[in-house]
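Lettering of chains follows the sequences in order, A, B, ..., and the numbering in each one begins at 1. Since the structure is predicted, the reported quantities are computational estimates derived from the model, not experimental observations.
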Number of protein chains: 2
Amino acid sequence: MVTEQSAADRPTKQRGRPRSFDRDTALEQAIRTFWERGYEATSVADLTRAMGIGPPSLYAAFGDKRSLFDEVVVEYAARYGSFSTRAFEQELTARAAVERMLREAATEYTDPGHPRGCLIISAATNCATPEVEEALRVKRGQNIAAFESRIRADVASGELPADADAEALARFSGAVLQGMSQQARDGASREELERVAGLAMLAWPQA
Amino acid sequence: MVTEQSAADRPTKQRGRPRSFDRDTALEQAIRTFWERGYEATSVADLTRAMGIGPPSLYAAFGDKRSLFDEVVVEYAARYGSFSTRAFEQELTARAAVERMLREAATEYTDPGHPRGCLIISAATNCATPEVEEALRVKRGQNIAAFESRIRADVASGELPADADAEALARFSGAVLQGMSQQARDGASREELERVAGLAMLAWPQA
DNA sequence: GCGATTTTCTAGTGCCCGCTATAGAATTCA
DNA sequence: TGAATTCTATAGCGGGCACTAGAAAATCGC
């Protein structure tokens, strides 16, 4: 139908029985559950328990497990992964941006207020559903590509030496971030991860 | 029974129908499968297909899925993870050992002759069986602890400066190794990983 | 109140999971 | 040869998986 309305601009008064749960807080609980256990190891029963709703409500509000996870990834990036893009928007140099990103990652990845590490890094490793694994793989690749273009700009502007290897610095930064995520899930403290971040910055050209 | 014989020193002529497959090559196929897909995403059906045997043969020869995985981890470490311990045994300094380990990891993790990355790093992330996840977590921790004690020895001997942070250098090295494993699984080439390893070594004290 | 509409609850569906009972096949010892 | 022993193949066990049919419940416009 062309006359369909999206959920966003639907009038406040809708017909039929109103939904008995808040969609957004239910989504937040889904984020936490996938974040903690990963896509494959999280069952729909785990989700309905955490979200406090029955299976039919979940399927009506979010579609199947796969599309719920897609939405979870988008919301996770907006709610918990924004520190990285913010660092790149607000810092003046690629080096300062990466340093800030790694240092804030040390804090975020060990925040006791939510599961440890990064959902995009860890939630779909060894996933029996290849499309889900591939989706997060692509997101990780996009992040590293963003690092690289930012570093390349600083090489072009002379902020970084002309012989700096932008591709390698970007991949190295991504690898350290991923290592920090696993270290966080393995129990490392914020201070320990901050020292890892500090060491990683020594790899940058000491202009 | 006290008179039982272990499989190792059992006489060559044993009674009963002989096993129709080679236990060691079957184990190798199990290693490859768990390495590729991880513990949880690998079904017993996947294993029997890869190993070329029926379920009863698998259970008779290796016990259940869990104990097969335990054996796989031990054999994986011996067959594919030995480059790390070898570097630490043969190199004269902690720094040279870590450098060699990281550079050889770049080669091993991208070897086209077997699955990418490191089984101990990636095969039990997001695992619904907590004991399996914990077992590999412990192994990773032991590796980093081994790095640390080796670095600490070089600090004590004066090979490294007295203010070098052994604990941080060890954790950093482990994080880079873990990041390289994920990068390898995400498609990075050997050369790309070698540049990551090269950058990581710049974090060491430039005595 | 009444029909229309939407959500919720209960109770499943079929499928694949790890695992095994049973029967038959292949070997050794006497 | 025959008994004992050990392995293999088939077939299926109970259980949890993602997912849904169907009826009851809660709101709407009128």
- Task: In whole angstrom, give the distance that lies between atom CZ of Arg17(A) and atom P of dA25(D).
- Result: 9 Å

- Message: Output the rounded distance in Å from CZ (Arg19(B)) to P (dA26(C)).
- Response: 17 Å

- Message: From C-beta outward on Pro18(A), which listed nucleotide comes closest to its side chain: dC17(C), dT8(D), dT27(D)?
- Response: dT27(D)

- Query: NA contact type, Thr129(B), heavy-atom cut-off 4.0 Å: base, sugar-phosphate, or nothing?
  - Reply: nothing

- Message: Please compare Gly16(A) and Val44(B) by the position of their nearest nucleotide in DNA chain C and report the one closer to 5'.
- Response: Gly16(A)

- Query: Pro55(A) has a side chain; which of dT28(C), dC19(D), dC9(C) sits nearest to it?
  - Reply: dC19(D)

- Message: Please verify the inter-ring angle class for Phe83(A) with Tyr109(A); under 30° counts as parallel, over 60° as perpendicular, anything in between as tilted.
- Response: perpendicular

- Would you mind reading off the distance between Leu68(B) atom CG and dG18(C) atom C1', rounded to a whole angstrom? 13 Å

- Query: Across the strands shown, which category fits Thr42(A) at heavy-atom distances under 4.0 angstrom: base, sugar-phosphate, nothing?
  - Reply: sugar-phosphate

- Tyr59(A) has an atom OH; how far is it from atom P of dT13(C), in whole Å? 17 Å

- Query: What integer distance in Å separates Asp46(B):CG from dC16(C):C1'?
  - Reply: 11 Å

- Are Tyr76(A) and Phe34(A) near enough that their ring centres are under 6.0 Å apart? no

- Message: Rounded to whole Å, please give me the gap between CD1 in Ile53(B) and P in dT8(D).
- Response: 8 Å

- Check the distance between dG16(D)'s P and Glu40(A)'s CD and give it to me in whole angstrom. 18 Å

- Query: Does the Arg116(B) side chain pair with the main chain of Ala184(B), one donor and one acceptor, at a distance under 3.5 Å?
  - Reply: yes

- Item | Distance below 4.0 Å between Ser57(B) side-chain N/O and dC7(D) OP1 or OP2 | no

- Exercise: do Gln183(B) and Arg140(A) side chains pair donor with acceptor under 3.5 Å: no

- Looking only at heavy atoms, which two atoms of Thr93(B) and Arg150(B) are closest? And how far apart? C-NH1, 3.6 Å

- Message: Please report the distance, rounded to the nearest Å, between CZ in Arg15(A) and C1' in dT7(C).
- Response: 15 Å

